[in-house]
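Read the structure below first, then the notes.
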Amino acid sequence: MATGSTTDSARSPSSGVLQKLLLLFSVCIATSTYKAIQPPPSKLCGSPDGPSITGPRIKLRDGRQLAYKEHGVPRDEATHKIIVVHGSDSCRHDNAFAALLSPDIKEGLGVYMVSFDRPGYAESDPDPNRTPKSLALDIEELADQLSLGSKFYVIGYSMGGQATWACLKYIPHRLAGVTLVAPVVNYWWKNFPSEISTEAFNQQGRNDQWAVRVAHYAPWLTHWWNSQSWFPGSSVVARNLGMLSKADKEIMFKLGAARSQHEAQIRQQGTHETLHRDMIVGFGTWEFDPMELENLFPNNEGSVHLWQGDDDVLVPVTLQRYIAKKLPWIHYHEIPGAGHLFPFAPGMVNNIVKTLLTNDGVKK
(Lines give C-alpha, C1' and ligand atoms only; values in the text may rest on other atoms or scores of the structure.)
Protein backbone atom coordinates (compact mmCIF):
# COMPACT_ATOMS: atom_id res chain seq x y z
CA MET A 1 0.00 0.00 0.00
CA ALA A 2 1.40 3.41 -1.00
CA THR A 3 1.30 6.01 1.77
CA GLY A 4 2.88 9.42 2.40
CA SER A 5 3.42 10.16 -1.26
CA THR A 6 3.06 13.94 -0.68
CA THR A 7 5.55 13.94 2.17
CA ASP A 8 8.00 11.79 0.24
CA SER A 9 7.75 14.19 -2.71
CA ALA A 10 8.39 17.19 -0.48
CA ARG A 11 11.51 15.50 0.86
CA SER A 12 12.81 14.40 -2.50
CA PRO A 13 16.44 15.23 -3.37
CA SER A 14 15.41 17.45 -6.28
CA SER A 15 13.26 19.59 -3.98
CA GLY A 16 16.15 20.11 -1.55
CA VAL A 17 18.50 21.08 -4.34
CA LEU A 18 15.97 23.62 -5.64
CA GLN A 19 15.66 25.20 -2.19
CA LYS A 20 19.45 25.47 -1.90
CA LEU A 21 19.69 27.01 -5.37
CA LEU A 22 17.01 29.56 -4.50
CA LEU A 23 18.82 30.41 -1.27
CA LEU A 24 22.13 30.72 -3.09
CA PHE A 25 20.51 32.90 -5.74
CA SER A 26 18.98 35.16 -3.06
CA VAL A 27 22.34 35.50 -1.31
CA CYS A 28 24.06 36.35 -4.60
CA ILE A 29 21.46 38.99 -5.43
CA ALA A 30 21.71 40.49 -1.94
CA THR A 31 25.52 40.52 -2.09
CA SER A 32 25.53 42.04 -5.55
CA THR A 33 23.02 44.70 -4.49
CA TYR A 34 25.03 45.54 -1.37
CA LYS A 35 28.21 45.92 -3.40
CA ALA A 36 26.42 48.05 -5.97
CA ILE A 37 25.19 50.59 -3.42
CA GLN A 38 28.54 50.82 -1.62
CA PRO A 39 30.74 53.66 -2.89
CA PRO A 40 34.32 52.74 -3.75
CA PRO A 41 36.98 53.80 -1.22
CA SER A 42 38.45 57.25 -1.70
CA LYS A 43 41.89 57.61 -3.28
CA LEU A 44 43.56 59.60 -0.51
CA CYS A 45 46.11 62.18 -1.57
CA GLY A 46 49.62 61.12 -0.64
CA SER A 47 48.71 57.42 -0.33
CA PRO A 48 50.66 54.87 -2.44
CA ASP A 49 47.96 54.70 -5.12
CA GLY A 50 46.46 58.13 -4.55
CA PRO A 51 46.95 61.55 -6.13
CA SER A 52 50.01 63.59 -5.25
CA ILE A 53 50.01 66.55 -2.86
CA THR A 54 50.83 69.80 -4.63
CA GLY A 55 49.90 72.54 -2.16
CA PRO A 56 49.97 73.42 1.55
CA ARG A 57 47.69 71.60 3.99
CA ILE A 58 46.89 71.83 7.71
CA LYS A 59 46.17 68.95 10.06
CA LEU A 60 42.73 69.18 11.68
CA ARG A 61 41.49 68.09 15.10
CA ASP A 62 40.57 64.57 13.91
CA GLY A 63 43.74 64.01 11.90
CA ARG A 64 42.31 64.99 8.51
CA GLN A 65 44.34 67.15 6.18
CA LEU A 66 42.79 70.33 4.73
CA ALA A 67 44.35 71.88 1.61
CA TYR A 68 44.29 75.66 1.17
CA LYS A 69 45.44 78.42 -1.17
CA GLU A 70 46.26 82.01 -0.29
CA HIS A 71 45.50 85.06 -2.44
CA GLY A 72 45.77 88.83 -2.29
CA VAL A 73 48.04 90.93 -0.12
CA PRO A 74 50.36 89.14 2.34
CA ARG A 75 48.56 87.74 5.35
CA ASP A 76 50.52 89.77 7.92
CA GLU A 77 49.89 93.01 6.04
CA ALA A 78 46.16 92.53 5.43
CA THR A 79 43.43 94.75 6.83
CA HIS A 80 40.61 92.40 5.82
CA LYS A 81 40.96 88.60 5.92
CA ILE A 82 38.39 86.52 4.04
CA ILE A 83 37.83 82.76 3.94
CA VAL A 84 36.16 81.69 0.68
CA VAL A 85 34.06 78.49 0.55
CA HIS A 86 33.77 76.96 -2.92
CA GLY A 87 30.66 75.39 -4.42
CA SER A 88 29.85 71.94 -5.74
CA ASP A 89 32.23 70.32 -8.26
CA SER A 90 34.85 72.99 -7.57
CA CYS A 91 37.97 73.38 -5.43
CA ARG A 92 40.31 75.92 -3.86
CA HIS A 93 41.52 77.04 -7.29
CA ASP A 94 37.98 78.14 -8.23
CA ASN A 95 38.13 81.41 -6.30
CA ALA A 96 36.53 83.99 -8.53
CA PHE A 97 36.43 86.41 -5.62
CA ALA A 98 40.24 86.55 -5.64
CA ALA A 99 40.85 86.09 -9.36
CA LEU A 100 38.37 88.75 -10.49
CA LEU A 101 38.82 91.30 -7.70
CA SER A 102 40.34 94.48 -9.05
CA PRO A 103 43.87 95.36 -7.84
CA ASP A 104 42.59 98.76 -6.67
CA ILE A 105 40.16 97.13 -4.22
CA LYS A 106 42.55 94.33 -3.28
CA GLU A 107 45.39 96.66 -2.42
CA GLY A 108 43.34 99.67 -1.40
CA LEU A 109 41.36 97.73 1.20
CA GLY A 110 44.22 95.39 2.10
CA VAL A 111 42.37 92.22 1.12
CA TYR A 112 43.80 88.79 1.92
CA MET A 113 41.81 85.69 0.93
CA VAL A 114 42.25 82.01 1.60
CA SER A 115 40.24 79.34 -0.20
CA PHE A 116 40.30 75.69 0.79
CA ASP A 117 39.25 72.34 -0.59
CA ARG A 118 36.16 71.21 1.28
CA PRO A 119 36.47 67.63 2.63
CA GLY A 120 36.99 65.05 -0.13
CA TYR A 121 37.62 67.64 -2.82
CA ALA A 122 40.97 67.95 -4.64
CA GLU A 123 43.62 67.57 -1.91
CA SER A 124 41.59 67.69 1.33
CA ASP A 125 40.94 64.38 3.08
CA PRO A 126 37.33 63.13 2.99
CA ASP A 127 35.11 63.38 6.06
CA PRO A 128 32.48 60.60 6.09
CA ASN A 129 31.03 62.25 9.20
CA ARG A 130 30.67 65.62 7.53
CA THR A 131 27.88 67.89 8.81
CA PRO A 132 27.22 71.62 8.55
CA LYS A 133 28.70 71.98 12.04
CA SER A 134 31.90 70.08 11.21
CA LEU A 135 32.38 72.36 8.18
CA ALA A 136 32.11 75.44 10.38
CA LEU A 137 34.65 73.98 12.79
CA ASP A 138 37.00 73.23 9.87
CA ILE A 139 36.80 76.90 8.90
CA GLU A 140 37.48 78.07 12.45
CA GLU A 141 40.47 75.74 12.71
CA LEU A 142 41.84 76.94 9.38
CA ALA A 143 41.60 80.53 10.62
CA ASP A 144 43.37 79.66 13.86
CA GLN A 145 46.20 77.72 12.26
CA LEU A 146 46.79 80.53 9.77
CA SER A 147 46.59 83.13 12.57
CA LEU A 148 43.84 85.15 10.93
CA GLY A 149 42.88 86.76 14.22
CA SER A 150 39.84 86.73 16.45
CA LYS A 151 37.48 87.75 13.63
CA PHE A 152 37.45 87.14 9.89
CA TYR A 153 35.05 87.34 6.93
CA VAL A 154 33.42 84.40 5.16
CA ILE A 155 32.13 84.25 1.60
CA GLY A 156 30.29 81.06 0.63
CA TYR A 157 29.19 80.29 -2.91
CA SER A 158 26.51 77.81 -4.05
CA MET A 159 26.89 74.51 -2.15
CA GLY A 160 29.43 76.32 0.03
CA GLY A 161 26.35 77.88 1.59
CA GLN A 162 25.90 74.87 3.89
CA ALA A 163 29.22 75.74 5.57
CA THR A 164 28.46 79.46 5.58
CA TRP A 165 25.05 79.11 7.23
CA ALA A 166 26.77 76.84 9.78
CA CYS A 167 29.33 79.55 10.53
CA LEU A 168 26.47 81.91 11.39
CA LYS A 169 25.10 79.26 13.74
CA TYR A 170 28.17 77.72 15.36
CA ILE A 171 30.98 80.32 15.26
CA PRO A 172 29.18 83.71 15.17
CA HIS A 173 31.72 85.18 17.62
CA ARG A 174 34.48 84.73 15.01
CA LEU A 175 32.75 86.55 12.18
CA ALA A 176 33.47 90.10 11.05
CA GLY A 177 30.97 89.78 8.20
CA VAL A 178 29.42 87.15 5.93
CA THR A 179 28.29 86.93 2.32
CA LEU A 180 26.21 84.09 0.87
CA VAL A 181 26.27 83.98 -2.93
CA ALA A 182 23.51 81.90 -4.58
CA PRO A 183 23.58 79.49 -1.61
CA VAL A 184 21.92 76.12 -2.23
CA VAL A 185 18.73 75.87 -0.17
CA ASN A 186 17.48 72.79 1.68
CA TYR A 187 13.83 72.24 0.74
CA TRP A 188 13.23 70.49 4.08
CA TRP A 189 14.11 73.39 6.37
CA LYS A 190 11.12 73.36 8.67
CA ASN A 191 10.27 77.07 8.45
CA PHE A 192 9.55 76.97 4.73
CA PRO A 193 5.78 76.87 4.14
CA SER A 194 5.06 73.60 2.36
CA GLU A 195 3.42 75.31 -0.61
CA ILE A 196 6.51 77.47 -1.22
CA SER A 197 9.09 74.70 -0.85
CA THR A 198 6.98 72.33 -2.97
CA GLU A 199 6.59 74.89 -5.74
CA ALA A 200 10.34 75.55 -5.78
CA PHE A 201 11.15 71.83 -5.62
CA ASN A 202 8.97 71.15 -8.65
CA GLN A 203 10.84 73.73 -10.71
CA GLN A 204 13.74 71.26 -10.94
CA GLY A 205 13.94 68.64 -13.64
CA ARG A 206 12.50 65.25 -12.74
CA ASN A 207 15.95 63.68 -12.55
CA ASP A 208 17.13 66.30 -10.05
CA GLN A 209 13.95 65.98 -8.01
CA TRP A 210 14.61 62.27 -7.59
CA ALA A 211 18.32 62.76 -6.89
CA VAL A 212 17.50 65.22 -4.11
CA ARG A 213 14.77 62.94 -2.70
CA VAL A 214 17.20 60.03 -2.52
CA ALA A 215 19.82 62.18 -0.79
CA HIS A 216 17.26 63.27 1.80
CA TYR A 217 15.27 60.08 2.45
CA ALA A 218 17.79 57.34 1.56
CA PRO A 219 21.29 58.85 1.72
CA TRP A 220 22.84 55.37 1.68
CA LEU A 221 21.53 55.01 -1.89
CA THR A 222 22.99 58.27 -3.16
CA HIS A 223 26.08 56.72 -4.73
CA TRP A 224 24.10 53.97 -6.46
CA TRP A 225 21.40 56.35 -7.69
CA ASN A 226 23.92 58.64 -9.35
CA SER A 227 25.99 55.76 -10.74
CA GLN A 228 23.36 53.40 -12.21
CA SER A 229 22.27 53.68 -15.84
CA TRP A 230 18.55 52.88 -15.54
CA PHE A 231 17.42 56.36 -14.50
CA PRO A 232 19.14 59.75 -14.95
CA GLY A 233 20.78 61.04 -11.78
CA SER A 234 21.81 64.51 -10.66
CA SER A 235 22.51 67.01 -13.45
CA VAL A 236 25.37 68.48 -11.43
CA VAL A 237 27.03 65.08 -10.93
CA ALA A 238 26.60 64.32 -14.64
CA ARG A 239 27.90 67.79 -15.55
CA ASN A 240 24.84 68.35 -17.70
CA LEU A 241 25.16 71.96 -18.79
CA GLY A 242 21.97 71.83 -20.81
CA MET A 243 19.86 72.76 -17.81
CA LEU A 244 21.68 76.04 -17.15
CA SER A 245 20.19 79.44 -17.96
CA LYS A 246 21.24 81.29 -21.10
CA ALA A 247 23.37 83.70 -19.07
CA ASP A 248 25.13 80.81 -17.33
CA LYS A 249 25.88 79.02 -20.61
CA GLU A 250 27.53 82.15 -21.96
CA ILE A 251 29.69 82.40 -18.85
CA MET A 252 30.59 78.68 -18.95
CA PHE A 253 31.73 79.07 -22.55
CA LYS A 254 34.12 81.84 -21.51
CA LEU A 255 35.39 79.92 -18.45
CA GLY A 256 36.06 76.63 -20.26
CA ALA A 257 39.75 77.02 -21.06
CA ALA A 258 40.74 78.53 -17.72
CA ARG A 259 38.97 75.88 -15.66
CA SER A 260 40.39 72.92 -17.58
CA GLN A 261 43.79 73.50 -15.96
CA HIS A 262 42.68 72.01 -12.64
CA GLU A 263 39.35 70.32 -13.40
CA ALA A 264 40.87 66.83 -13.10
CA GLN A 265 41.85 67.53 -9.48
CA ILE A 266 38.32 68.26 -8.30
CA ARG A 267 37.02 64.66 -8.18
CA GLN A 268 40.38 62.89 -8.08
CA GLN A 269 39.64 61.21 -4.73
CA GLY A 270 36.24 59.97 -5.89
CA THR A 271 32.78 61.36 -6.55
CA HIS A 272 31.11 60.04 -3.41
CA GLU A 273 32.95 62.11 -0.82
CA THR A 274 32.66 65.21 -3.00
CA LEU A 275 29.41 65.72 -4.88
CA HIS A 276 27.42 62.90 -3.31
CA ARG A 277 28.39 63.98 0.20
CA ASP A 278 27.43 67.56 -0.71
CA MET A 279 23.94 66.34 -1.54
CA ILE A 280 23.64 64.18 1.57
CA VAL A 281 24.68 67.04 3.84
CA GLY A 282 23.01 69.84 1.94
CA PHE A 283 19.61 68.15 1.61
CA GLY A 284 19.71 66.05 4.77
CA THR A 285 18.10 66.79 8.13
CA TRP A 286 19.84 69.76 9.69
CA GLU A 287 20.25 70.34 13.42
CA PHE A 288 19.08 73.93 12.95
CA ASP A 289 17.01 76.03 10.59
CA PRO A 290 18.85 79.11 9.27
CA MET A 291 15.60 81.06 9.41
CA GLU A 292 15.78 80.89 13.21
CA LEU A 293 19.17 82.62 13.38
CA GLU A 294 19.48 85.91 15.25
CA ASN A 295 21.11 89.12 14.06
CA LEU A 296 24.87 88.86 14.55
CA PHE A 297 25.43 92.57 14.19
CA PRO A 298 22.65 94.50 15.97
CA ASN A 299 24.87 97.59 16.15
CA ASN A 300 25.92 97.42 12.48
CA GLU A 301 29.50 96.59 13.43
CA GLY A 302 29.40 94.09 10.57
CA SER A 303 26.89 92.80 8.05
CA VAL A 304 25.47 89.68 6.41
CA HIS A 305 24.60 89.68 2.71
CA LEU A 306 22.76 87.32 0.37
CA TRP A 307 23.21 87.70 -3.39
CA GLN A 308 20.95 85.87 -5.85
CA GLY A 309 20.20 85.91 -9.58
CA ASP A 310 16.51 85.89 -10.46
CA ASP A 311 17.08 83.51 -13.41
CA ASP A 312 18.97 80.86 -11.41
CA VAL A 313 17.62 77.44 -12.42
CA LEU A 314 19.74 75.62 -9.81
CA VAL A 315 18.67 77.61 -6.76
CA PRO A 316 15.08 78.97 -6.86
CA VAL A 317 14.93 82.69 -6.24
CA THR A 318 11.57 82.34 -4.48
CA LEU A 319 13.20 80.54 -1.55
CA GLN A 320 15.91 83.18 -1.19
CA ARG A 321 13.25 85.88 -1.16
CA TYR A 322 11.44 84.06 1.62
CA ILE A 323 14.64 83.73 3.66
CA ALA A 324 15.33 87.45 3.21
CA LYS A 325 11.80 88.23 4.39
CA LYS A 326 12.16 86.02 7.48
CA LEU A 327 15.60 87.47 8.29
CA PRO A 328 15.34 91.20 7.54
CA TRP A 329 18.78 91.82 9.04
CA ILE A 330 20.29 90.01 6.05
CA HIS A 331 20.93 92.50 3.25
CA TYR A 332 19.40 90.93 0.15
CA HIS A 333 20.73 91.72 -3.34
CA GLU A 334 18.80 90.28 -6.30
CA ILE A 335 20.39 90.50 -9.75
CA PRO A 336 17.86 90.77 -12.63
CA GLY A 337 18.45 88.37 -15.52
CA ALA A 338 21.33 86.64 -13.72
CA GLY A 339 21.79 82.90 -13.36
CA HIS A 340 23.80 80.80 -10.92
CA LEU A 341 27.20 81.86 -12.25
CA PHE A 342 26.66 85.61 -12.00
CA PRO A 343 29.76 86.18 -9.78
CA PHE A 344 31.85 85.53 -12.91
CA ALA A 345 30.14 88.39 -14.78
CA PRO A 346 32.21 91.59 -15.21
CA GLY A 347 32.24 93.79 -12.12
CA MET A 348 30.16 91.50 -9.88
CA VAL A 349 33.02 90.37 -7.64
CA ASN A 350 34.04 93.98 -7.02
CA ASN A 351 30.47 94.81 -5.96
CA ILE A 352 30.15 91.76 -3.71
CA VAL A 353 33.49 92.16 -1.92
CA LYS A 354 33.37 95.93 -1.56
CA THR A 355 29.82 95.77 -0.19
CA LEU A 356 30.89 93.23 2.43
CA LEU A 357 34.01 95.07 3.55
CA THR A 358 32.72 98.64 3.51
CA ASN A 359 29.02 98.04 4.27
CA ASP A 360 28.11 99.93 1.09
CA GLY A 361 24.36 100.11 0.73
CA VAL A 362 23.76 99.00 4.32
CA LYS A 363 21.25 101.12 6.19
CA LYS A 364 22.61 102.47 9.46
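Note that this is a predicted model, so its numbers are computed, not measured.
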Any donor-acceptor pair under 3.5 Å linking the side-chain atoms of [Y] with those of [X]?
X	Y	answer
Asp94	His262	yes
His272	Thr274	no
Tyr332	Gln320	no
Ser235	Asp208	yes
Asn129	Ser134	no
His340	Ser245	no
Thr318	Glu199	no

Rounded to the nearest 0.5 Å, what's the gap from [atom1] on [X] to [atom2] on [Y]? Could you check?
X	Y	atom1	atom2	answer
Leu44	Ile53	CG	CD1	9.5 Å
Asn350	Leu100	CG	CG	8.5 Å
Cys91	Arg118	SG	CZ	11.0 Å
Leu135	Cys167	CG	SG	8.5 Å
Asp104	Leu109	CG	CG	10.0 Å

Residue pair Ser88 / Leu275: nearest heavy atoms and the distance that separates them = OG-CG, 3.9 Å
message = If I compare all heavy atoms of Pro126 with all of Gln269, which pair ends up nearest, and what's the gap?
response = CD-OE1, 3.7 Å
key: Candidate pair His71 and Ser115, rule side chain to side chain donor-acceptor pair (under 3.5 Å), full reasoning   = CA-CA 8 Å; His71 319 259; Ser115 51; 2.9 Å; yes
With the side chain counted from C-beta on, respond yes when [X] and [Y] share a heavy-atom pair under 4.5 Å apart, and no when they do not.
X	Y	answer
Pro74	Tyr112	no
Trp210	Phe231	no
Arg321	Ile196	no
Glu141	Leu66	no

Could you tell me whether the side chain of [X] and the main chain of [Y] form a donor-acceptor pair under 3.5 Å?
X	Y	answer
Asp311	Ala338	no
Asp117	Arg92	yes
Asp127	Pro119	no

[X] and [Y] ion-paired at < 4.0 Å:
X	Y	value
Asp138	Arg130	no
Arg239	Glu263	yes
Lys326	Glu292	no

Examine [X] together with [Y] and report whether their ring centres are nearer than 6.0 Å.
X	Y	value
Tyr121	His86	yes
Trp307	Phe342	no
His80	Tyr153	yes

Evaluate whether atom [atom1] of [X] has more than 12 neighbouring non-hydrogen atoms of other residues, nucleotides or ligands under 6.0 angstrom away.
X	atom1	result
Lys151	NZ	yes
Glu294	CD	no
Trp188	CH2	yes
Arg61	CZ	yes
Lys249	NZ	yes

message = Apply side chain to side chain donor-acceptor pair (under 3.5 Å) to residues Gln209 and Tyr187 and explain how you reach the verdict.
response = CA-CA 11 Å; Gln209 290 180 28; Tyr187 301 97; over 6 Å; no
query = Taking Thr179 as the fixed residue, which of Leu306, Ile352, Thr164 is the one that meets the side chain to side chain contact (heavy atoms under 4.5 Å, CB included) rule?
reply = Ile352
request  = Decide yes or no on side chain to side chain donor-acceptor pair (under 3.5 Å) for Thr131 and Glu287, but give the supporting numbers first.
outcome  = CA-CA 9 Å; Thr131 64; Glu287 296 176 349; 5.8 Å; no
